[in-house]
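Structure record follows, encoded as structure tokens.
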Amino acid sequence: MKFSGKVWKFGDNIDTDVIIPARYLNSSDPNILASHVMEDIDEQFSKKVKAGDIIVAGENFGCGSSREHAPIAIKAAGIKCVIAKSFARIFFRNSFNMGLLIIESDAAEEINQSDIITVDTQKGEIHDKTIGKSWKIGKLPDFIQELVEAGGLMNYAKKLEGENV
Amino acid sequence: MGMSITQKIISEHIGDEVKAGDLVMAPIDLAFGNDVTAPIAIHKLAEFGISPKDTSKIALIPDHFAPNKDIASAVQCQTVRMFANKYNIEKYWDVGETGIEHALLPEQGIITPGQIIIGADSHTCTHGALGAFASGVGSTDLAFAIATGKAWFKVPETIRFIYTGKLPKYSGGKDIILYTIGKIGVSGALYKTMEFTGDTIRALGMDDRLTICNMAVEAGAKNGIIEPDEVTENYLKGRTDKKYKIYKSDDDSASETIRIDATRIEPQVAFPHLPENSRAVSQIHKTIKIDQAFIGSCTNGRMSDLRIAADILKGRHIAKGVRLIIIPATKQIYREALKEGLFDIFLDAGAVVSTPTCGPCLGGYMGILAPGETAISTSNRNFVGRMGSPKSFVYLANPAVTAASAVAGFIIDPKKL
């Protein structure tokens with residue numbers, strides 16, 4: 001997978017209450033959730049963001065609640081991928097389980113707001129065209145790779161059911 | 001390197017020895033969800049045409065927006081109810097029986113030592129207080145567990161926290177965990193186990209232990225855990241007949257050991273907007289006026305919390321202009337508090353007492369904050385907008401500090417009331 005997009009930069013400890021405030025958790029409709037994404041940190045974010053954009057953030061992105069509404073809202077808003085120094089563990093699981101690409105990388109420190117970056121997962125590289133710098137990204141663990149190949153966790157469940165495990 | 005209690009539980013479940021960093025698919029003893037997270041799982045199961053594998057290992061607890069706060073949440077509760085009825089799920093509690101999931105499940109004797117538990121709620125780590133491996137997951141994980149009876153885990157390494165000495169007056173489990181998060185930060189235990197031990201922990205009752213493990217996630221931890229002891233066994237007596245196995249950690253099983261002198265853990269207050277911003281209430285030298293005080297939640301809505309609040313509120317009245325909202329976490333706690341006369345104390349003090357729900361903790365309903373308002377709360381998060389307006393402020397504290405502050409009208413050390 002290779003794609004380029006404009007960066008929206010956030011700080012450390014971006015929690016699930018600002019990604020999608022609990023007052024909208026009475027819905028799980030991706031479009032409704034997307035219309036409120038990041039609202040409590042930037043009220044206009046959902047209007048400004050465009051399909052293919054990329055979120056870059058600091059440490060512990062997605063901390064707080066287990067709400068899957070958070071990666072759903074980000075994905076439905078058109079965000080192609082989230083790059084952060086580190087992710088909160090439930091957000092990490094949720095994103096992977098439902099197919100939102102997330103990348104843990106120190107590149108997050110140097111990439112700036114509005115930079116244009118290219119992510120190449122085959123090559124294992126992030127390239128920032130604006131500042132002209134590249135970073136290597138690590139490979140996913142085999143087990144997670146296997147689930148990705150099955151097409152996500154629920155497809156994997158379907159496969160297990162077929163094998164009657 | 002030896003094995004931690006968490007690693008031993010996982011090893012026993014998969015029938016193979018594990019070490020930190022291993023990725024495993026493990027059979028689980030219980031998977032649960034609430035009215036916010038379960039509907040997504042239920043829709044996924046329907047979409048993929050998969051039925052539950054073993055309904056005895058599923059629990060569904062409507063608590064976040066139940067009793068229904070609006071039409072949309074009514075539909076979510078209805079989705080859970082219809083699923084529970086369709087598959088005849090026994091561990092389902094509707095309004096009138098329900099309570100906050102992390103208070104209800106231990107109370108009902110469903111959690112026992114040595115289990116693997118996943119819950120589609122981040123505070124699932126609460127149940128580690130009984131010596132189980134309990135970890136919060138998302139809705140898709142819940143759907144997968146309902147479908148297969150399994151969940152995937154990366155085996156965590158352990159940070160062992162050893163507390164020694166007697167806690168100061170008015171300090172409890174909440175202060176231990178706020179102090180600890182203040183020390184290591186909100187990502188200080190990311191992906192890891194927080195194991196709590198030492199004579200201070202041994203001297204605590206189950207309510208305080210549940211409070212400590214409840215907030216392990218606020219330090220980023222995968223789970224919090226306390227080795228079972230006499231307190232655990234006494235708690236389980238009369239709640240369950242299930243046989244359980246007690247695991248203990250090997251001495252050399254922690255990747256890091258942190259020793260804390262509990263005699264120095266004064267009542268804590270975590271300032272907006274992160275739980276790590278904790279400091280001793282005695283060290284607050286400015287006047288922080290409050291508009292609302294909330295005593296409840298999966299962190300501090302249990303019987304001993306209500307008793308502590310009642311001790312402070314007895315014969316006193318809350319300050320003019322302050323709203324004090326008290327929410328017993330389960331029906332059983334509600335009834336016990338009523339029988340003990342705590343409701344009279346609360347009502348005489350000017351508080352309002354609500355039916356069990358998560359309600360205001362997550363800014364759901366029953367006490368939303370307006371822009372510019374400040375609350376002190378016994379709950380677990382003080383993120384921007386957590387209890388309402390993104391322009392409001394939440395301070396976290398124990399029930400004694402919260403009740404005392406409601407009386408004073410500003411954040412105060414209960415000793416100074």
Side-chain angles (χ1 to χ4, degrees), chain A residues 12-29 32 39-43 58-61 63-72 85-99 141-144 146-147 152-161 165, chain B residues 23-25 36-37 39-41 43-45 47-50 53 64-65 69-76 119-124 135-141 143-144 147-148 150 152 154 185-187 190-191 217-218 220-222 273-274 276 362-364 368 381 383-386 388 390:
Chain A
D12 292 337
N13 301 316
I14 298 300
D15 63 74
T16 51
D17 279 291
V18 300
I19 296 171
I20 184 72
R23 56 186 178 276
Y24 304 118
L25 296 186
N26 56 8
S27 171
S28 54
D29 180 328
I32 293 175
E39 187 175 286
D40 282 1
I41 203 165
D42 178 354
E43 225 172 307
E59 284 180 22
N60 205 22
F61 186 87
C63 62
S65 154
S66 69
R67 63 188 70 151
E68 214 156 275
H69 311 66
I72 291 173
K85 271 202 79 180
S86 66
F87 290 92
R89 56 161 289 275
I90 306 179
F91 185 88
F92 184 90
R93 291 182 80 95
N94 285 346
S95 299
F96 150 70
N97 284 344
M98 42 166 303
D142 291 344
F143 179 81
I144 290 184
E146 194 187 329
L147 294 191
L153 195 61
M154 288 311 288
N155 280 311
Y156 187 74
K158 197 77 191 159
K159 188 174 150 230
L160 289 183
E161 194 191 35
V165 177
Chain B
L23 275 158
V24 299
M25 185 66 82
V36 166
T37 59
I40 297 181
H43 293 316
K44 289 216 173 180
L45 289 165
E47 184 190 325
F48 283 82
I50 309 177
K53 188 175 167 71
H64 279 54
F65 299 149
K69 84 155 181 151
D70 54 21
I71 295 170
S73 58
V75 172
Q76 288 185 316
D121 188 278
S122 59
H123 293 109
T124 300
S135 193
V137 298
S139 298
T140 302
D141 283 303
F144 182 82
T148 64
K150 292 176 181 173
W152 66 271
K154 189 172 169 187
V186 290
S187 59
L190 200 57
Y191 308 124
V217 67
E218 310 312 336
K222 175 172 226 125
H273 294 285
L274 283 175
E276 71 182 18
L362 77 159
I368 305 286
R381 291 193 178 125
F383 299 155
V384 170
R386 172 71 179 179

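Below, chains carry the letters A, B, ... as their sequence lines are ordered, and counting in each starts from 1. All values derive from a computational prediction rather than experimental measurement.
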Practice prompt. Would you indicate whether the side-chain heavy atoms of A/Arg89 and B/Ser135 approach each other to under 4.5 Å?
Written response: yes

Worksheet item: For A/Phe91, is it the side chain, the backbone, both, or neither that has a heavy atom closer than 4.5 Å to a heavy atom of chain B?
Response: neither

Worksheet item: Nearest 0.5 Å, what's the CG-OG1 distance between A/Asn94 and B/Thr37?
Response: 10.0 Å

Practice prompt. Please state whether the side chain, the backbone, both or neither of B/Ala221 comes within less than 4.5 Å of a heavy atom of chain A.
Written response: backbone

Item to complete: Sort out for me which of B/His273, B/Lys154, B/Met25 touches chain A most, counting heavy-atom pairs under 4.5 Å.
Response: B/Met25

Item to complete: With the side chain counted from C-beta on, respond yes when A/His69 and B/Val36 share a heavy-atom pair under 4.5 Å apart, and no when they do not.
Response: yes

Item to complete: Might you point out which heavy atoms bring A/Ser66 and B/Val137 nearest each other, and give the distance in Å?
Response: CB-O, 3.1 Å

Discussion item. For A/Tyr24, I'd like to know if atom OH has over 12 heavy atoms of other residues, nucleotides or ligands within 6.0 Å.
Written reply: yes

Practice prompt. Calculate, to the nearest 0.5 Å, the distance between atoms CD and NZ belonging to A/Glu68 and B/Lys44 respectively.
Written response: 5.0 Å

Worksheet entry | A/Arg93 with B/Asp141: basic N within carboxylate O range, under 4.0 Å | yes

Worksheet item: Which atom names give the shortest non-hydrogen contact between A/Ala157 and B/Ile50, and what distance separates them?
Response: CB-CD1, 4.2 Å

Worksheet item: Side chains of A/Cys63 and B/Val186: closer than 4.5 Å at any heavy-atom pair?
Response: no

Fill in: Residue among A/Val18, A/Thr16, A/Leu25 with most heavy-atom pairs under 4.5 Å to chain B
A/Leu25

Worksheet item: Who wins among B/Pro39, B/Gly363, B/Ser139 for the most heavy-atom pairs under 4.5 Å with chain A?
Response: B/Ser139

Worksheet item: Side chain, backbone, both or neither: which part of A/Ile72 has an atom under 4.5 Å from a heavy atom of chain B?
Response: side chain

Practice prompt. Check whether any side-chain heavy atom of A/Ser65 lies under 4.5 Å from a side-chain heavy atom of B/Leu362, and answer yes or no.
Written response: no

Discussion item. How long is the straight-line distance from CZ of A/Arg67 back to CD1 of B/Ile40, given to the nearest 0.5 Å?
Written reply: 11.0 Å

Discussion item. At a 4.5 Å cut-off on heavy atoms, which part of B/Lys69 comes close to chain A: side chain, backbone, both, or neither?
Written reply: side chain

Discussion item. Is there a side-chain contact between A/Asn97 and B/Phe144 in this structure, where contact means two heavy atoms from C-beta onward sitting under 4.5 Å apart?
Written reply: no

Practice prompt. Measure the CD-OG distance between B/Gln76 and A/Ser27 for me, rounded to the nearest 0.5 Å.
Written response: 7.0 Å

Practice prompt. To the nearest 0.5 Å, tell me how far A/Asn13 CG sits from B/Leu274 CG.
Written response: 5.0 Å

Worksheet item: Checking heavy atoms, do the side chain of B/Arg386, its backbone, both or neither come under 4.5 Å from chain A?
Response: both

Worksheet item: Of all heavy-atom pairs between A/Gly64 and B/Ser122, which one has the smallest distance, and what is that distance?
Response: O-CB, 3.4 Å

Worksheet item: In terms of heavy-atom contacts, does NZ of A/Lys158 have more than 12 from other residues, nucleotides or ligands at under 6.0 Å?
Response: yes

Fill in: A/Asp15 side, atom CG; B/Glu218 side, atom CD - distance, nearest 0.5 Å
9.5 Å

Worksheet entry | Side chain, backbone, both or neither of B/Phe65 within contact of chain A (heavy atoms, under 4.5 Å) | side chain

Worksheet item: Does the side chain to side chain contact (heavy atoms under 4.5 Å, CB included) test come out yes or no for B/Val384 and A/Ile41, once each step is laid out?
Response: CA-CA 8 Å; B/Val384 170; A/Ile41 203 165; over 6 Å; no

Discussion item. Using the salt bridge (charged side-chain N to carboxylate O under 4.0 Å, His left out) criterion, which residues pair with A/Asp12? Sequence neighbours excluded.
Written reply: none

Worksheet item: Would you say the ring centroid of B/Trp152 lies under 6.0 angstrom from that of A/Tyr156?
Response: no

